[in-house]
Amino acid sequence: MPLSHKFCIAPMMQCTDIHDRFLFRLITKRAFLYTEMVTTGAIIHGKCFEQLSFNKEIEQPIAVQLGGSDPADLAECSKICSSLGYDEINLNIGCPSERVQKGSFGACLMEDPELVKDCIEAMQEVTSTPITIKCRIGVNERDDINFLNEFVAKILNPKLKTIIVHARVAILSGLSPRQNRQIPPLKYENVYQLKKEFPKLEVVINGGIKGVDESIHHLEKVDGVMLGRSPYDNPMIVSNVDSKIFNETDLGNDRKSILKKYLQYCLVQNDSGYPLSRTLKHVFGLNRGLKNAKKYRSLILETMQKNNLEITQDDLISMV
Ligand SMILES: Cc1cc2nc3c(=O)[nH]c(=O)nc-3n(C[C@H](O)[C@H](O)[C@H](O)COP(=O)(O)O)c2cc1C
């Protein structure tokens, strides 16, 4: 399968885990998938075997996202991730949370391009797996195009071929991560300008993109799009990605068959010890736009609470 960032599904903590990615692979074979961010500390102290595992049969193309700022630690984790078979290793330079800032990584790294350069080079030295970064257009009051262009000029090297940019600044104090995804205005123009300034760089735009038609519009200006909340809240919006973005045949699964297959998967996972609360939460959005949304959601909640799908699965399937 050729690797392409034309359409990516964003890394999202508590969301894009192995189960959610199974769901997306029932809907699109070509979207580039990302894991949740995994910190170097968690990998090195061996706390995240589960977060790092992925299903090689179906999930590729897939990238793992790392959070960290120590070049040696990032190199060690890159080695591990590359031996696991990931197609790409992405470094998080966009997360504004206080916890992440305390660890001196995420968006605050945009203020230290020298360190970012060292981190990327240390990762590249130990693996041939492509290293990419996901950053913001700037931090705090620096939402001007010069900041982003200068940052990229300072970190760039010939092996760094892809940059994903969330088209908002990260405000490093006073806003929660959630507010940081809503309050700073989207400035797509800065990302378009970055592509103009570095035409050979693969530039992927992220932030506020609602669906495939909007994606096609952005693809006139940049190489790829990355969508987070909209496909998570309504997974069916990616059902025509393979045809509309990649000119290939869509998988063609309708809502009912997707839910049926996913619920089968949930049962198998439940038998291996994953409670339904971990797997079922990803299908809240599967009946988006249908009449019985409230009833569907409460039946999912009830099923999660009772951790018993056998009695409700037919009703759930009838509601999509
Ligand atoms: C619940 C949640 C968790 C997120 N976790 C991560 C993460 O682990 N790594 C990351 O780079 N961005 C994370 N993000 C940010 C998204 O990847 C994305 O940049 C942001 O939501 C903007 O894109 P959207 O408007 O398409 O959702 C998260 C966003 C949400 C809503």
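What you see below is based on every heavy atom in this structure, not just the backbone, and it leaves out hydrogens, waters and symmetry mates. Order of appearance sets the numbers: ligands from 1, and atoms from 1 within every ligand.
- Atom NZ of K196 is surrounded by 12 or fewer heavy atoms from other residues, nucleotides or ligands within 6.0 Å.
- N190 contributes a side-chain N or O that, together with a main-chain N or O of D143, makes up a donor-acceptor pair within less than 3.5 Å.
- Heavy-atom minimum distance, G208 versus E214: O-OE1, 3.7 Å.
- For D271, the CG atom sits in a packed shell: over 12 heavy atoms of surrounding residues, nucleotides or ligands are nearer than 6.0 Å.
- Some N or O of N206 is nearer than 3.5 Å to an N or O of ligand 1, by distance alone.
- The nearest non-hydrogen atom to atom 15 (C) of ligand 1, considering only M13, K134, R229, H166, comes from K134.
- Taking every non-hydrogen atom of G228 and a distance limit under 4.0 Å, the qualifying atoms of ligand 1 come out as 24 (P), 26 (O), 27 (O).
- At least one heavy atom of Q65 sits less than 4.0 Å from an atom of ligand 1.
- Every atom of ligand 1 is numbered from 1 in the order shown, and the set under 4.0 Å from a heavy atom of M37 is 8 (O).
- Put simply, no part of G94 is less than 4.0 Å from ligand 1, judged by heavy atoms.
- Atoms of ligand 1 found under 4.0 Å from any heavy atom of A10 (numbered from 1 in listed order, with element): 17 (O).
- With L26 as the fixed residue, the side chain to side chain contact (heavy atoms under 4.5 Å, CB included) test singles out one of I258, I58, L259: I258.
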Query raised in the report: For Q65 and T35, what are the C-alpha separation, side-chain angles and deciding distance, and is it a side-chain hydrogen bond (donor to acceptor under 3.5 Å, both in side chains)?
Result: CA-CA 6 Å; Q65 188 187 57; T35 67; over 6 Å; no
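- The L227 neighbourhood of ligand 1 comprises atoms 26 (O), with distances under 4.0 Å to a heavy atom of that residue.
- Contacts between R181 and ligand 1 below 4.0 angstrom, taking non-hydrogen atoms only, involve the side chain exclusively.
- Every atom of ligand 1 is numbered from 1 in the order shown, and the set under 4.0 Å from a heavy atom of N92 is 9 (N), 10 (C), 11 (O).
- Tested against F22, the residues F54, Y274, Y265 include a single ring-ring contact (aromatic ring centres under 6.0 Å, His included) partner, Y265.
- Taking every non-hydrogen atom of G208 and a distance limit under 4.0 Å, the qualifying atoms of ligand 1 come out as 24 (P), 25 (O), 26 (O).
- Some N or O of P11 is nearer than 3.5 Å to an N or O of ligand 1, by distance alone.
- Note: H282 and Y232 meet the aromatic proximity criterion, with ring centroids under 6.0 Å apart.
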